[in-house]
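A short worksheet on the structure shown next.
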Amino acid sequence: MPVPDQSHARYEEIFSEVEAPFAFVDLDAMWANADDMLRRASGKPIRIASKSIRCRPLLERILARDEGFRGLLTFTLPETLWLAEHGFDDMVIAYPTADIEALARLAVQSAANPQGAPVLMVDCAEHLDLIDSVLGTGAGAVRVCMDLDAGWWPLRGRMKVGPKRSPVHTVEQAVELAREIQRRPQIELVGIMAYEGQIAGVGDKPPGRRFRGAAIRFMQRRSTKELLVRRGRIVVAVHEFGPLEFVNGGGTGSLETTASDPSITELAAGSGFYAPTLFDHYTSFTLTPAAAFALPIVRKPASSVATALGGGYLASGSGDAARLPTPWLPPGLALDPEEGAGEVQTPLLGQAAGELRIGDRAYLRHTKAGELCEHFASLYLVEGDEIVDEVPTYRGEGQTFI
């Protein structure tokens with residue numbers, strides 16, 4: 001089914017009775033992105049990254065959409081326990097935890113349902129010590145996943161490219177951690193995860209930066225080749241300590257390359273559903289904008305300026321201009337380089353700004369996916385030319401996990 005025209009006039013008509021500011025998800029666009037993600041996954045299941053959705057009803061819809069979407073990759077243990085209370089299962093927590101109270105609650109779940117309890121992420125003996133500290137004598141085994149560093153280390157390790165995550169990089173380090181887990185009878189190793197952020201999360205076609213794009217593509221080709229060999233060797237070595245239920249890898253930006261790795265049994269992705277601006281600049285795929293927010297125009301300080309209420313929804317990261325939201329509709333809007341996106345007002349410049357009047361709306365896109373939901377209690381869901389539902393975000397359900 002083709003995505004309807006994404007025009008300012010269309011959304012203004014759809015939301016004519018809704019007071020801005022508000023956020024929404026265009027389901028036609030989201031499902032088009034979902035279908036493309038499944039195509040790129042080449043039959044391997046995709047575990048949904050909950051941090052990129054942060055809306056329980058939408059997580060339910062995505063998991064019900066196609067059997068190719070299987071399980072959740074969550075971001076905190078309290079979030080995971082909350083989702084379990086609402087009926088979600090098959091969950092792997094993507095990041096380690098030091099939350100003793102939540103670990104104690106997980107230990108109870110693991111004792112009651114050893115094979116269905118959430119899987120913890122670990123990358124060192126200290127994580128194992130924390131788990132052991134909440135387990136009483138005779139408690140059931142807590143299942144864990146080993147997090148590998150998937151970064152690229154050229155020049156014999158003198159340069160390190162990729163997210164600073166796990167200290168486990170080599171086969172020897174993975175074997176050492178697997179052996180440490182094996183020594184602890186109440187902890188069971190069931191999976192391996194290796195997120196190649198330097199491939200999955202870095203667009204290889206930055207606008208106006210041709211040479212940088214070429215350098216990124218060179219790095220990603222070399223990193224993909226190196227990781228294919230190293231990850232495969234680690235999986236074989238760790239298998240000697242017992243069968244693994246899964247080997248997880250990838251992200252929205254690397255689904256097709258990660259899917260081609262025979263050692264991978266499942267992929268992970270989340271941002272691709274909403275298609276934030278961070279994923280606008282890749283050569284291998286194109287997403288359709290699916291999540292956005294609307295701001296009301298409340299001032300006209302000059303004929304070529306339209307000032308919107310609020311809008312300072314900056315994305316986490318390195319703190320550069322790329323973390324600012326991007327004016328989307330009507331086309332031709334731009335942020336003021338002096339003010340950017342402000343806490344209480346956002347001046348919008350350009351020819352299109354001259355045509356906006358007080359009471360109109362401007363539509364902007366967030367740099368990242370799920371972080372948008374931290375600023376709104378609900379999301380309007382659009383299909384065709386109508387609003388079909390309004391669903392709460394995590395924040396709308398009173399949940400703020402980070």
Exercise for the section: Would you name the heavy atoms of His127 and Val122 that are closest together and state the gap between them? Expected result: ND1-CA, 3.6 Å

Practice task
Sequence neighbours left out, what passes side chain to side chain donor-acceptor pair (under 3.5 Å) with Arg54? Give chain and number order.
Solution key: Glu374

Problem - Centroid-centroid distance, Phe273 to Trp31, less than 6.0 Å - result: no

Exercise for the section: Applying side-chain contact (heavy atoms from CB on, under 4.5 Å), name anything that partners Arg221, two or more places apart in sequence or on another chain. Expected result: Arg217, Phe218

Problem - Test item: Asn113 side-chain N/O and Gly116 main-chain N/O as donor-acceptor pair under 3.5 Å - result: yes

Handout entry: Salt-bridge criterion met for Asp360 and Arg357 (N-O under 4.0 Å)
Key = no

Problem - Pair His375 and Tyr313, ring centroids less than 6.0 Å apart - result: yes

Problem - Between Gln351 and Ser304: side-chain donor-acceptor atoms closer than 3.5 Å - result: no

Exercise for the section: Give a yes or no on whether the backbone of Leu106 and the side-chain of Ser110 come within a donor-acceptor separation of less than 3.5 Å. Expected result: yes

Handout entry: For Gly310 against Leu295, the heavy-atom pair lying closest together
Key = O-CD1, 3.9 Å

Which pairs would a plain distance check flag for residues 325-338, meaning a side-chain donor or acceptor within less than 3.5 Å of a matching protein atom at least two apart in sequence or in another chain?
unit_1	atom_1	unit_2	atom_2	d
Asp336	OD1	Glu338	N	2.8

Handout entry: Taking every non-hydrogen atom, the tightest pair across Cys373 and Ile53
Key = SG-O, 3.4 Å

Exercise for the section: Could you tell me whether a side-chain N or O of Arg40 sits under 3.5 Å from a main-chain N or O of Thr252, the two making a donor and an acceptor? Expected result: yes

Practice task
In plain terms, say whether Arg361 and Glu12 are close enough for a salt bridge, that is, a side-chain N and a carboxylate O under 4.0 Å apart.
Solution key: yes

Exercise for the section: Verify, without hydrogens or angle tests, whether Lys368 (side chain) and Pro276 (backbone) share a donor-acceptor contact under 3.5 angstrom. Expected result: no

Practice task
Using the test side chain to side chain donor-acceptor pair (under 3.5 Å), find all partners of Arg165 that sit at least two apart in sequence or belong to another chain.
Solution key: none

Practice task
Check the pair Phe401 / Tyr394 against ring pair (Phe, Tyr, Trp, His ring centres under 6.0 Å), numbers first and verdict last.
Solution key: CA-CA 9 Å; Phe401 297 106; Tyr394 279 11; 5.6 Å; yes

Problem - Any donor-acceptor N/O pair, Thr170 side chain to Gln173 backbone, under 3.5 Å - result: yes

Practice task
Measure across Ile297 and Ala308 and return the closest heavy-atom pair with its distance rounded to 0.1 Å.
Solution key: CD1-CB, 4.1 Å

Problem - Nearest heavy atoms of Leu267 and Ala259, plus distance in Å - result: CD2-N, 3.8 Å

Problem - Heavy-atom side-chain proximity of Phe293 to Phe22 below 4.5 angstrom - result: no

Problem - Thr346 and Glu339: CA distance, side-chain angles, deciding distance, side chain to side chain donor-acceptor pair (under 3.5 Å) verdict - result: CA-CA 7 Å; Thr346 297; Glu339 291 196 42; over 6 Å; no

Problem - Candidate pair Tyr380 and Asp389, rule side chain to side chain donor-acceptor pair (under 3.5 Å), full reasoning - result: CA-CA 6 Å; Tyr380 288 97; Asp389 205 351; over 6 Å; no

Exercise for the section: Look only at the side chain of Arg365 and the backbone of Ala275, and say whether a donor-acceptor pair between them is shorter than 3.5 Å. Expected result: yes

Exercise for the section: Find out whether Asp123 and Met146 are in side-chain contact, i.e. whether some heavy atom of one side chain is under 4.5 Å from a heavy atom of the other. Expected result: no

Handout entry: Check: Tyr274 side chain, Val25 main-chain N or O, donor-acceptor pair, under 3.5 Å
Key = no

Problem - Residues Ser263, Asp261; criterion side chain to side chain donor-acceptor pair (under 3.5 Å); working and verdict - result: CA-CA 5 Å; Ser263 71; Asp261 185 341; 2.8 Å; yes

Exercise for the section: Report the C-alpha distance between Ser378 and Glu390 in whole Å, list the side-chain angles of each, state the deciding distance to 0.1 Å, and finish with yes or no for side chain to side chain donor-acceptor pair (under 3.5 Å). Expected result: CA-CA 6 Å; Ser378 68; Glu390 181 182 5; 2.7 Å; yes

Practice task
Start with the C-alpha distance between Val238 and Leu189, add both sets of side-chain angles, then the distance that settles side-chain contact (heavy atoms from CB on, under 4.5 Å), and finish with yes or no.
Solution key: CA-CA 9 Å; Val238 172; Leu189 179 62; 3.6 Å; yes

Problem - Candidate pair Ile387 and Val18, rule side-chain contact (heavy atoms from CB on, under 4.5 Å), full reasoning - result: CA-CA 10 Å; Ile387 299 170; Val18 179; 3.8 Å; yes

Practice task
Kindly indicate whether the side chain of Pro4, heavy atoms from C-beta on, has any atom under 4.5 Å from the side chain of Arg10.
Solution key: yes

Practice task
Determine whether the side chains of Glu256 and Ser42 contain a donor N or O and an acceptor N or O closer than 3.5 Å.
Solution key: no

Practice task
Report yes if some heavy atom in the side chain of Thr76 is under 4.5 Å from a heavy atom in the side chain of Lys51; otherwise report no.
Solution key: no

Handout entry: Candidate list Gln186, Glu188, Glu180, test side-chain hydrogen bond (donor to acceptor under 3.5 Å, both in side chains), partner Arg184, passing option
Key = Glu180

Problem - Note: Glu226-Arg230 ion pair, threshold 4.0 Å (strictly below) - result: yes

Handout entry: Verdict with supporting geometry, Val382 and Leu27, side-chain contact (heavy atoms from CB on, under 4.5 Å)
Key = CA-CA 6 Å; Val382 171; Leu27 293 177; over 6 Å; no

Exercise for the section: Could you tell me whether the side chain of Thr367 and the main chain of Ala322 form a donor-acceptor pair under 3.5 Å? Expected result: yes

Problem - For Asp35, salt bridge (Lys or Arg N to Asp or Glu O under 4.0 Å) partners two or more places apart - result: none

Handout entry: His281 and Pro206, any side-chain heavy atoms less than 4.5 Å apart
Key = no

Problem - cation_pi(Arg47, Phe246) dist<6.0 Å, angle<=45 - result: yes

Problem - Ser316 backbone acceptor or donor facing Glu371 side chain under 3.5 Å - result: yes

Problem - Leu120 vs Val142 side-chain heavy atoms within contact, under 4.5 Å - result: yes

Problem - Ionic contact status for Arg231 with Glu196, cut-off 4.0 Å - result: yes

Problem - Whether over 12 other heavy atoms sit under 6.0 Å from Glu176 CD - result: no

Practice task
Search all heavy atoms of Ile358 against all heavy atoms of Lys300 and return the closest pair with its distance.
Solution key: CG1-CG, 4.1 Å

Exercise for the section: Before accepting this row, confirm whether a basic side-chain N of the pair Arg56/Glu397 lies closer than 4.0 Å to the acidic partner's carboxylate O. Expected result: yes

Exercise for the section: Using a cut-off of 6.0 Å, state whether more than 12 heavy atoms not belonging to Arg210 lie near its atom CZ. Expected result: no

Exercise for the section: Determine, stepwise, if the pair Tyr11 / His8 fulfils side-chain contact (heavy atoms from CB on, under 4.5 Å). Expected result: CA-CA 5 Å; Tyr11 288 122; His8 184 254; over 6 Å; no

Problem - Heavy-atom check, side chain of Val247 versus side chain of Met193, under 4.5 Å - result: no

Which atom pairs, donor and acceptor, lie under 3.5 Å between side-chain atoms of residues 149-157 and protein residues at least two apart or in another chain?
unit_1	atom_1	unit_2	atom_2	d
Asp149	OD1	Gly151	N	3.4
Asp149	OD2	Trp153	NE1	3.3
Asp149	OD2	His169	ND1	2.6

Exercise for the section: Please say whether more than 12 non-hydrogen atoms of neighbouring residues, nucleotides or ligands are located less than 6.0 Å from CD in Glu85. Expected result: yes

Practice task
Could you tell me whether a side-chain N or O of Thr258 sits under 3.5 Å from a main-chain N or O of Leu255, the two making a donor and an acceptor?
Solution key: no

Problem - Heavy-atom side-chain contact between Leu177 and Leu128 under 4.5 Å - result: yes

